[in-house]
There are 2 protein chains.
Amino acid sequence: MRSYGQYCSVAKALDAVGDRWTLLIVRELLLQGPCRYTDLRNGLPGIATNLLADRLHELEAAGLVRREEAAPPVATTLFSLTEAGAALEPSLEALGAWGIRYMAEPADDDEFRSHWFTFPVELFLHDSAPDGPPLAIELRPASPAASRASSRPAVVEVSGGEVRTRLGSAASPDLILDGSPRLILGLLGAYLTPADAEALGLSVTGDPAILRRLQPAS
Amino acid sequence: MRSYGQYCSVAKALDAVGDRWTLLIVRELLLQGPCRYTDLRNGLPGIATNLLADRLHELEAAGLVRREEAAPPVATTLFSLTEAGAALEPSLEALGAWGIRYMAEPADDDEFRSHWFTFPVELFLHDSAPDGPPLAIELRPASPAASRASSRPAVVEVSGGEVRTRLGSAASPDLILDGSPRLILGLLGAYLTPADAEALGLSVTGDPAILRRLQPAS
DNA sequence: CGGCATCCTCTTTGATACTG
DNA sequence: CAGTATCAAAGAGGATGCCG
């Protein structure tokens with residue numbers, strides 16, 4: 001990218017990561033940890049493969065991404081963030097928190113990946129009963145379009161004042177939400193009532209009243 | 001800008017403000033408050049005027065910028081941030097803090113404006129002696145190139161644990177730093193010693209020992 | 001002068017095909 | 001798996017013109 005030519009720390013930051021797709025590549029590496037090229041492509045639906053290759057070289061040259069030839073058992077290239085790259089996390093969190101305002105709008109043909117739940121859930125919700133029992137909520141996003149890879153379940157774990165998400169299933173979830181990501185987030189964020197969410201097609205297994213423990217942050 | 005087509009709050013944020021120049025326009029409106037078109041052009045050296053007009057229309061359509069026809073005495077259009085636009089401040093602060101790492105590198109033909117001191121100074125420095133007497137440090141950036149508009153002085157005010165910057169002069173500054181913005185920031189951020197900064201061309205009036213009160217944050 | 005709109009060139013992106 | 005090659009389309013940069 002052409003430099004802005006401004007001696008300003010915001011402009012310098014954007015000189016480094018302001019290119020199209022660049023911050024989303026960093027998002028993937030932050031959320032998923034070290035990734036293969038193919039993992040990145042799966043987590044970045046819509047990116048052209050030459051552009052991904054270009055951006056990875058630029059990020060490597062800028063010292064934000066490291067390329068490692070993994071040991072024999074794996075025998076593949078792994079991309080991971082350097083310390084400077086990982087230091088972008090607060091910026092992505094701030095942008096992710098700001099962008100939550102757009103998550104309520106219809107976006108029917110958007111792609112979705114389960115690990116993207118992390119930002120909206122962890123940045124927007126907080127545990128209003130830190131002394132309550134641990135809670136596990138399983139999220140089963142339905143693929144809106146024909147994306148098979150997106151449909152992995154995720155778990156929201158609430159305990160001790162923390163709200164965490166991870167991929168996978170819960171042993172005995174207190175609540176299971178199965179439906180479009182938008183309805184799942186709508187119910188979690190309390191801009192939909194359980195009745196409305198079910199009427200719109202969300203399948204709710206368990207008692208949605210436990211969601212009252214989760215309150216939108218600030 | 002073409003949407004990323006991803007149901008992710010970071011991608012949605014970048015759909016709205018990920019275009020080239022867009023976040024820098026928001027920076028100007030955050031740092032300067034409501035601006036005329038000309039003020040924005042002055043604060044965004046390098047932008048093509050048609051692009052500024054385009055971006056302002058896009059930001060207005062996105063509900064992030066408001067256009068006001070000022071009252072008769074002013075008789076000009078003023079652009080200001082809406083509440084949603086002003087909510088980008090934490091994102092700009094996070095990016096600005098991350099970008100400080102690039103402020104130490106040579107950048108000789110970069111443009112500079114005095115109000116850009118705000119992010120590096122307020123995000124990077126903190127007052128290590130909250131109970132000490134108020135301190136005023138006047139910054140007089142020398143224009144590296146032929147930019148007249150850049151050379152307005154700024155004041156760093158340190159008191160009660162807060163570090164603030166504003167444009168203008170101090171009544172009786174405890175320290176005056178006159179030279180290139182890079183040397184000024186280098187001395188403030190303690191990656192240059194007073195002796196080195198002076199040897200490199202910074203003019204220091206007053207006792208630079210008071211700078212020890214300012215410590216780089218985290 | 002403030003606030004753009006037009007025109008033209010150059011660069012970047014996107015889509016797809018192909019390869020070691 | 002991890003890219004490179006190719007080419008059309010979109011966007012950015014720069015100069016200039018217009019209009020109240």
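These numbers come from a predicted model, not from an experiment. Here is the naming used below: chain letters follow the sequence lines, and residue numbers restart at 1 for every chain.
The six-membered or imidazole ring of A:Tyr102 lies away from that of B:Tyr7, with a centre-to-centre distance of 6.0 Å or more. Checked against the 6.0 Å centroid criterion, the rings of B:Phe117 and B:Phe112 qualify as a close aromatic pair.
With sequence neighbours excluded, the residues that form a side-chain contact (heavy atoms from CB on, under 4.5 Å) with B:Ala48 are B:Asn50, B:Leu51. Residues passing the side-chain contact (heavy atoms from CB on, under 4.5 Å) test with A:Leu125 are A:Val121, A:Leu188, A:Leu214, sequence neighbours excluded. By the side-chain hydrogen bond (donor to acceptor under 3.5 Å, both in side chains) test, B:Thr205 pairs with no residue at all, sequence neighbours left out.
Distance, A:Arg55 CZ to D:dG3 P: 15 Å, rounded to whole Å. Counting to the nearest Å, the C1' atom of D:dG11 and the CG atom of B:Leu52 are 16 Å from each other.
Across the helix from C:dC1-D:dG20 to C:dG20-D:dC1, the helix axis at one end is tilted relative to the axis at the other end by 30° (nearest 10 degrees, each axis from five pairs).
The nearest heavy atom of DNA chain C to B:Asp54 and to B:Thr38 marks one nucleotide each, and the one closer to the 5' end goes with B:Thr38.
Within residues 57-67 of chain A, no residue has a heavy atom under 4.0 Å from DNA chain C. Within residues 24-34 of chain B, no residue has any heavy atom closer than 4.0 Å to DNA chain C.
Taking 4.0 Å as the cut-off between side-chain N and carboxylate O, A:Arg164 and A:Glu157 do not count as a salt-bridged pair. Ion pairing between a basic and an acidic side chain is recognised when a charged N comes within 4.0 Å of a carboxylate O; A:Lys12 and B:Asp110 show such pairing.
Under the 3.5 Å distance criterion, the side-chain polar atoms of B:Arg113 are matched with a main-chain donor or acceptor of B:Asn42. Counting only distance, with no hydrogens or angles, the side chain of B:Arg55 and the backbone of B:Arg20 share a donor-acceptor pair below 3.5 Å. The backbone N or O of A:Arg152 lies less than 3.5 Å from a partner atom in the side chain of A:Ser114, making a donor-acceptor pair.
Every pair tested for salt bridge (charged side-chain N to carboxylate O under 4.0 Å, His left out) that includes a residue from residues 171-181 of chain A fails, sequence neighbours excluded, so the list is empty. Residue pairs meeting the ring pair (Phe, Tyr, Trp, His ring centres under 6.0 Å) criterion with at least one partner in residues 18-52 of chain B, sequence neighbours excluded, are A:Tyr4-B:Trp21. Pairs of residues two or more places apart, or lying in two chains, that qualify as salt bridge (charged side-chain N to carboxylate O under 4.0 Å, His left out) and include a residue from residues 38-49 of chain B are B:Arg36-B:Asp39. Within the structure, every pair that satisfies the side chain to side chain donor-acceptor pair (under 3.5 Å) test and touches residues 79-89 of chain B, not counting sequence neighbours, is listed here: B:Glu68-B:Ser80.
Here chain A contacts DNA chain C (any atom closer than 4.0 Å to a heavy atom, that is under 4.0 Å), and the contacts span C:dT13 to C:dA17 from 5' to 3'.
Under 3.5 Å, the side chains of B:Glu162 and B:His126 contain no donor-acceptor pair of N or O atoms.
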Sugar-phosphate atoms are those with a prime plus P, OP1 and OP2; base atoms are the rest. Using that split, label each nucleotide of nucleotides 13-20 of chain D B, S or - for protein heavy atoms under 4.0 Å, 5' to 3'.
SB-B----

